[in-house]
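Structure first, then comments.
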Amino acid sequence: MARLVMSLFPVVAIALSLLWAAKVEGAVTLPQPVKLEWHYYKVHNTCDDAEVYIRHQLTNFWNQDKSITPRLVRLLYSDCFVTGCDASILLEGENSEKTAAQNRGLGAFVIIHKIKQVLEQYCPGVVSCADILNLATRDALCLAGAPAYPVFTGRRDGTKSTRESVDLPLPSISFDQSLAYFKSKGLDLQDMVTLLGGHSMGRTHCSYVEDRLYNYKNTGKQDPSMNSTIANQLRELCPPRTEKGQSDPLVFLNPKSGSSYRFTNSYYLRINTHEAVLGVDQQLLYGDTSTPELVNEFAAGFEDFRQAFALSMSRMGSINVLTGKEGEIRRTCNSTNANNPNKI
């Protein structure tokens with residue numbers, strides 16, 4: 001049975017309505033991270049309306065392009081799971097994190113950069129890119145149907161970003177390898193099952209699926225755990241890659257509703273019908289005894305999933321954060337202050 005957030009933590013926020021005008025679901029049960037603060041910029045009177053500015057800009061972007069939600073989620077994951085939530089993924093350079101093979105196709109950089117430009121006009125040198133990324137991702141998820149979970153703030157930005165530091169696993173890893181990776185970041189089994197639910201949105205490259213379609217574990221056959229109908233549909237979109245330089249198309253992780261970019265529990269429904277696109281997702285059905293129970297619980301109850309997702313996103317956003325005098329507050333998100341040509 002899922003870790004029920006209502007039974008684990010006391011109510012922490014008496015001003016939750018400040019997040020959105022609408023009711024905040026799944027947020028009243030989250031513990032305050034040790035290093036971060038609730039409404040940091042308002043509490044310290046440094047940029048009272050920082051979260052309002054971010055939400056307004058993000059909403060404008062989202063109204064033009066709903067696909068920014070899964071792109072921001074992946075961007076945040078790629079940041080937090082490497083050196084921590086320090087916005088190092090946003091830094092540019094010949095050997096930066098964004099150049100790693102695992103980060104091919106990352107997007108939404110321009111959204112964070114443009115939001116930062118707006119904040120620099122109102123509160124120069126105050127709001128970190130790491131906080132902007134966390135807050136913008138939360139707001140995009142909420143617009144797509146996720147709960148408006150609280151994001152504790154006060155992060156500072158990292159000053160290093162290297163390709164070698166990127167240890168993000170490929171989606172063909174085993175269940176045990178996936179769980180070990182999440183645990184290495186201070187997260188647990190429920191966090192893994194819950195956060196992978198973000199795959200109800202977004203797209204992936206055919207190269208991450210072709211082993212399941214054509215040569216599962218070097219057998220020359222498809223993955224026997226994959227529904228034959230979905231396998232046939234994917235083979236039409238992902239022909240065998242036999243030539244150098246052959247294109248690597250994108251396919252929806254949720255083919256039935258992919259273009260709507262809505263946050264739903266359909267991910268778990270698809271696992272139960274063997275329609276998961278990625279191997280790492282389908283393997284949740286064959287994990288330890290509690291994993292299928294979580295899958296079934298989230299498949300049957302959207303609200304259970306939404307509340308669990310709120311907690312796990314908050315936990316992920318607290319991985320190895322920089323605070324106090326650690327790191328810096330960048331003037332632009334794609335460059336450290338030392339390398340910023342417009343530094344003052």
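Numbers here are sequence positions counted from 1.
Between I319 atom CD1 and K185 atom NZ the span is 7.5 Å, to the nearest 0.5 Å. Between the OG atom of S67 and the CZ atom of R203 there is a distance of 7.5 Å, given to the nearest 0.5 Å. Of the inter-residue distances, the one linking C80 atom SG with L75 atom CG reads 9.5 Å to the nearest 0.5 angstrom. Note that the CG atom of L143 and the OG1 atom of T59 stand 5.0 Å from one another [nearest 0.5 Å]. Here CD1 of I115 is found 9.5 Å from CG of L135. Values are rounded to the nearest 0.5 Å.
Legend: residues meeting salt bridge (charged side-chain N to carboxylate O under 4.0 Å, His left out) with R235, ordered by chain and number and at least two apart, are absent. Looking at residues two or more places apart in sequence or on another chain, you find no salt bridge (charged side-chain N to carboxylate O under 4.0 Å, His left out) involving D49. Checked against salt bridge (charged side-chain N to carboxylate O under 4.0 Å, His left out), D79 has no partners two or more places apart in sequence or in another chain. Residues forming a salt bridge (charged side-chain N to carboxylate O under 4.0 Å, His left out) with E326 (at least two apart in sequence, or on another chain): none. Partners of Y40 by ring-ring contact (aromatic ring centres under 6.0 Å, His included), not counting sequence neighbours, listed by chain and number: H44. For Y77, there are no side-chain hydrogen bond (donor to acceptor under 3.5 Å, both in side chains) partners at least two apart in sequence or on another chain. Listed by chain and residue number, L285, V295, N296, A299 satisfy the side chain to side chain contact (heavy atoms under 4.5 Å, CB included) test with N272 (two or more places apart in sequence, or in another chain). For T336, the side chain to side chain contact (heavy atoms under 4.5 Å, CB included) partners two or more places apart in sequence, or in a different chain, are L91, T159, E328, A338, N339.
Under the 3.5 Å distance criterion, with hydrogens and angles disregarded, a donor-acceptor pair is assigned to the side chains of S88 and D86. In the model, R104 has a side-chain atom that pairs as donor or acceptor with a side-chain atom of S207 under 3.5 Å. Under 3.5 Å, the side chains of T291 and D288 contain a donor-acceptor pair of N or O atoms.
Hydrophobic clustering (side-chain heavy atoms under 4.5 Å, transitive across Ile, Leu, Val, Met, Phe, Trp, Tyr) groups L141 together with L72. In terms of hydrophobic clustering, with Ile, Leu, Val, Met, Phe, Trp and Tyr side chains grouped at heavy-atom distances under 4.5 Å, L237 and V209 are assigned to a common cluster. When the side chains of ILVMFWY residues are joined at heavy-atom separations under 4.5 Å, either directly or via intervening members, I230 and Y208 end up in a single hydrophobic cluster. Each of L322 and M316 belongs to its own hydrophobic cluster when Ile, Leu, Val, Met, Phe, Trp and Tyr are linked at side-chain heavy-atom distances under 4.5 angstrom. Under the 4.5 Å side-chain contact rule for hydrophobic residues, L106 and V73 share a cluster.
F298 and Y267 have their aromatic ring centers separated by at least 6.0 angstrom.
Here the side chain of E120 pairs a donor or acceptor atom with the backbone of G125 at under 3.5 angstrom. When atom types are taken as modelled, the side chain of D211 and the backbone of N215 share no donor-acceptor pair closer than 3.5 angstrom. At distances below 3.5 Å, not a single donor-acceptor pair connects side-chain atoms of N265 with backbone N or O atoms of A300. Listed for the K116 side chain is a donor-acceptor partner under 3.5 Å among the backbone atoms of R330. Looking only at distances, a side-chain donor or acceptor of S318 sits under 3.5 Å from a matching main-chain atom of S314. Under a 3.5 Å cut-off, the side chain of Q246 and the backbone N or O of P240 do form a donor-acceptor pair.
Under the 4.5 Å side-chain criterion, counting only non-hydrogen atoms from C-beta, L234 is in contact with M226. Between E303 and R306, some side-chain heavy-atom pair lies under the 4.5 Å cut-off. The shortest distance between side-chain heavy atoms of V126 and I329 does not fall below 4.5 Å. At a threshold of 4.5 Å between non-hydrogen side-chain atoms, the residues F81 and L187 count as touching. By the 4.5 Å heavy-atom criterion applied to side chains, L311 and Q307 are not counted as neighbours. Annotation: side chain of W62 is in contact with side chain of T69 (closest heavy-atom distance under 4.5 Å). Between Y181 and L168, some side-chain heavy-atom pair lies under the 4.5 Å cut-off. Inter-residue side-chain proximity for R315 and D188 is flagged as met; some heavy-atom pair is nearer than 4.5 Å.
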### Query
Step by step, would you call L58 with I111 a side chain to side chain contact (heavy atoms under 4.5 Å, CB included)?
CA-CA 8 Å; L58 187 283; I111 293 172; 4.3 Å; yes
### Task
Could you please spell out the steps behind the side chain to side chain contact (heavy atoms under 4.5 Å, CB included) verdict for V251 and C206?
CA-CA 7 Å; V251 293; C206 285; 3.8 Å; yes
### Query
Can you list the steps and then say if E51 with R55 is a salt bridge (Lys or Arg N to Asp or Glu O under 4.0 Å)?
CA-CA 6 Å; E51 296 186 28; R55 184 166 67 244; 5.6 Å; no
### Message
I'd like to know whether E236 forms a side chain to side chain contact (heavy atoms under 4.5 Å, CB included) with N232, so could you lay out the CA-CA distance, the side-chain angles of the two residues, the decisive distance to 0.1 Å, and finally the verdict.
### Response
CA-CA 7 Å; E236 291 183 6; N232 289 333; 5.7 Å; no
### Query
Should L76 and N134 be marked as a side chain to side chain contact (heavy atoms under 4.5 Å, CB included) after you check the CA-CA gap, both sets of side-chain angles, and the distance that decides it?
CA-CA 7 Å; L76 180 62; N134 274 267; 3.6 Å; yes
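Paired with Y268 under the rule ring pair (Phe, Tyr, Trp, His ring centres under 6.0 Å), one option of F309, F302, F305 passes, and it is F305.
Nearest heavy atoms, I112 versus C333: CG2-SG, 4.1 Å. The heavy-atom pair separating R270 from P255 by the smallest distance is NH2-CD, 3.1 Å. Nearest heavy-atom pair across Y149 and A310 is CB-CB, 3.6 Å. Between I173 and Q283, the shortest heavy-atom distance links the atoms O-NE2, 2.9 Å. Heavy-atom minimum distance, S96 versus G93: OG-O, 3.1 Å. A pairwise comparison of heavy atoms in D191 and F182 identifies O-CE2, 4.3 Å as the closest pair.
Listed by first and then second residue, the salt bridge (charged side-chain N to carboxylate O under 4.0 Å, His left out) pairs that reach into residues 150-165 are D131-R155, sequence neighbours excluded. Applying the ring pair (Phe, Tyr, Trp, His ring centres under 6.0 Å) test to pairs two or more places apart or on separate chains, those with a residue in residues 97-126 are Y53-Y122. Pairs engaging residues 214-229 under the salt bridge (charged side-chain N to carboxylate O under 4.0 Å, His left out) rule: R212-D223 [sequence neighbours left out]. Among residue pairs with one or both ends in residues 57-70, those qualifying as salt bridge (charged side-chain N to carboxylate O under 4.0 Å, His left out) are D65-R71; sequence neighbours excluded.
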